[in-house]
Structures are given as C-alpha cells and as structure tokens.
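Just the heavy atoms: all of them, side chains too, but no hydrogens, waters or symmetry mates, feed the values below. Positions are given from 1, in the same order as the sequence printed here.
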Amino acid sequence: MQEVIIGILFLAALFFMGRKLYRQYKAKDSSCASGCDKCSPAPSAKPFKMPDHLKG
C-alpha cells in the first residue's frame, strides 16, 4: 500500500513539473513573435546625452 501512495505522489510531482516546463516554454502571445514592434516599449521623449565632463 505504501508503494502505491509513493507512486501516486511521484506521478503527481512529474505532472506538475512537466506542466511548469510546458508553460515556461510555450509562447505567451502569438502576435508578439511577428516582429511588428507592437510590444516594444515606447521611445523616450528625448535621447540621453552624455555630459561633456564625463566624455573622454
């Protein structure tokens, strides 16, 4: 009886680990893989300019 319980727990652990790995590598949204830049962050208002005293 103990072996059956251990087997069930082992199979349940394998199931949850497999589900976690599947969800980790599954594409979240198919539209983001198209390269349309819809998901990219918006550009900043003005670009960063390095102060003159830090150049060189």
Side-chain angles (χ1 to χ4, degrees):
M1 183 65 181
Q2 292 175 350
E3 291 86 8
V4 173
I5 294 172
I6 297 299
I8 291 172
L9 290 175
F10 182 74
L11 291 175
L14 281 178
F15 171 75
F16 284 110
M17 288 176 59
R19 189 177 79 166
K20 184 176 181 177
L21 285 173
Y22 174 74
R23 288 182 177 182
Q24 181 179 358
Y25 292 111
K26 186 177 82 167
K28 305 253 188 272
D29 187 12
S30 62
S31 65
C32 290
S34 64
C36 66
D37 292 336
K38 179 171 71 173
C39 300
S40 64
S44 61
K46 55 183 178 178
F48 176 76
K49 183 179 177 186
M50 179 75 78
D52 291 333
H53 69 278
L54 293 176
K55 293 180 182 177

Practice task
Identify, with sequence neighbours excluded, every residue that meets side chain to side chain contact (heavy atoms under 4.5 Å, CB included) alongside Leu21.
Solution key: Gln24, Tyr25
Handout entry: Among Leu11, Ile6, Val4, side-chain contact (heavy atoms from CB on, under 4.5 Å) partner for Ile8
Key = Val4
Problem - Exercise: identify the closest heavy-atom pair between Lys55 and Met50 - result: CE-O, 3.3 Å
